[in-house]
Asker: 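Just dropping this structure here.
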Number of protein chains: 2
Amino acid sequence: MKNGDGVKYRMTKQKRVILEVLKNTKSHPTADWVYDKVRKKIPNISLGTVYRNLNILKNQGEILELSYGKGFSRFDGNASMHYHFTCEHCGRILDIETPEFIEMEREVAKQMGVKVARHRLEFYGSCPDCMTD
Amino acid sequence: MKNGDGVKYRMTKQKRVILEVLKNTKSHPTADWVYDKVRKKIPNISLGTVYRNLNILKNQGEILELSYGKGFSRFDGNASMHYHFTCEHCGRILDIETPEFIEMEREVAKQMGVKVARHRLEFYGSCPDCMTD
DNA sequence: CTACCTGCAAACTTTTTGCAGCCCA
DNA sequence: TGGGCTGCAAAAAGTTTGCAGGTAG
């Protein structure tokens, strides 16, 4: 992979706009959604460039990549640690403001004899708009 | 999709062997690994059949599908609720025997005004064999 | 018998990559 | 100026699907 460890990243128009799009949405968009949105400002940008920059931004710690089922990722312009709630009706993904549940890591480390570096926690259910069922 | 709601599932040799393979491993294999393993017993089985049956077994609640990053799923012959620990060195996935942390669901439901149906929790770090670093 | 299931192969989806020219630092 | 970055298009990788014949119940 290019842009490995000791490589200096450059700022380009493409990267700036991609980051802008991600920072200005609360949705947790797919690469394709970002592509569509960015094309409004840079009509001839290619999907490959979007993917390349999403990976760079992720490596730089500017954004988060959230892998959900099968073949697709979503991206989050908010890189600080937070959990997510997915509405199983409308598909919306909401940020959760709860502080991290770190005690769980200690518990698992002790019980399994492993070293826990991090965890990922996802909640699923119905969002306020979809609770009428 | 075939095999929808009211459809009766049949037991076939293929499905039986696939389930056997999954119940007899503690690894959390990919579809491809299952395919290789099953081919030792049914040499001319097709990958499509493996995928079809993995989906059926998942819908029947016999196995779990675990989606990790990018383009691939892993399957777990242990369908009872449990968390997973992934070793970031060797890639091994271990089952965690901790009871479910259900209080978190209540906490999130109250704070966000949502209805939480379930959650998924994944731990990452170093397993006992890889802790020498 | 008859629906469901199978093998095969082609299609699909999402993401990655090779290349030649471009442009940021 | 040089080494990363770009657009384009082709390729990868994982999964799904259409079809015609096979088989469980």
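From a predicted model like this one, the values you see are computed outputs, not experimental measurements. In what follows, chains carry the letters A, B, and so on, assigned in the order in which the sequence lines appear, proteins first and then strands, with residues in each chain numbered from 1.
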Asker: Please state how far atom NZ in A:Lys13 lies from atom C1' in C:dC24, giving the value in whole angstrom units.
Answerer: 13 Å
Asker: Nearest-Å distance, CZ (B:Phe75) to C1' (D:dG14)?
Answerer: 10 Å
Asker: With no angle test and no hydrogens, is the base of D:dG7 tied to the side chain of A:Arg52 by a donor-acceptor pair under 3.5 Å?
Answerer: yes
Asker: Going through the checks in order, is the salt bridge (Lys or Arg N to Asp or Glu O under 4.0 Å) test met by A:Lys15 and A:Glu20?
Answerer: CA-CA 9 Å; A:Lys15 190 197 278 186; A:Glu20 241 170 64; over 6 Å; no
Asker: Does B:Asn53 place a side-chain N or O at less than 4.0 Å from the phosphate oxygens OP1/OP2 of C:dT6?
Answerer: yes
Asker: Any side-chain N or O of A:Thr49 less than 4.0 Å from the OP1 or OP2 oxygen of D:dG7?
Answerer: yes
Asker: Is B:Arg118 salt-bridged to A:Glu88, cutoff N-O under 4.0 Å?
Answerer: yes
Asker: Are B:Tyr124 and B:Tyr83 linked, directly or through intermediate hydrophobic residues, by side-chain heavy-atom contacts shorter than 4.5 Å (ILVMFWY only)?
Answerer: no
Asker: Heavy atoms only, 4.0 Å cut-off, all strands: where does A:Thr30 land among base, sugar-phosphate and nothing?
Answerer: nothing
Asker: Counting just side-chain N and O atoms, does B:Ser46 come under 4.0 Å of either OP1 or OP2 of C:dA9?
Answerer: no
Asker: Specify the separation, in whole Å, of atom CD1 of A:Ile18 and atom C1' of D:dC5.
Answerer: 11 Å
Asker: Could you pick out which residue, A:Val50 or B:Arg74, lies toward the 5' side of DNA chain D when each is mapped onto its nearest nucleotide?
Answerer: A:Val50
Asker: Specify the separation, in whole Å, of atom CG of A:Leu47 and atom P of D:dA9.
Answerer: 13 Å
Asker: So, is B:Ser73 close to the D:dT15 phosphate, meaning a side-chain N or O under 4.0 Å from OP1 or OP2?
Answerer: yes
Asker: Is the distance from OP1 or OP2 of D:dG7 to the nearest side-chain N or O of A:Gln14 less than 4.0 Å?
Answerer: yes
Asker: Between atom CZ in B:Phe72 and atom C1' in C:dT15, what is the gap in whole Å?
Answerer: 14 Å
Asker: Just the rounded figure in Å: distance from C1' of C:dA25 to NZ of A:Lys15.
Answerer: 13 Å
Asker: Does some side-chain heavy atom of B:Leu22 sit less than 4.5 Å from a side-chain heavy atom of B:Pro29?
Answerer: yes
Asker: Got B:Ile96 and B:His82 here, is their nearest side-chain heavy-atom distance under 4.5 Å?
Answerer: no
Asker: Would you classify A:Tyr51 as touching base, sugar-phosphate or nothing, given that sugar-phosphate means primed atoms plus P, OP1 and OP2, and contacts are heavy atoms under 4.0 Å?
Answerer: base
Asker: If I take atom OH in residue B:Tyr68 and atom C1' in nucleotide C:dT14, what distance separates them, rounded to the nearest angstrom?
Answerer: 21 Å
Asker: Send over the distance from B:Asp32 CG to D:dA12 P, rounded to a whole Å.
Answerer: 16 Å
Asker: Using a heavy-atom cut-off of under 4.0 Å over every strand shown, decide if B:Ile45 touches base, sugar-phosphate, or nothing.
Answerer: sugar-phosphate
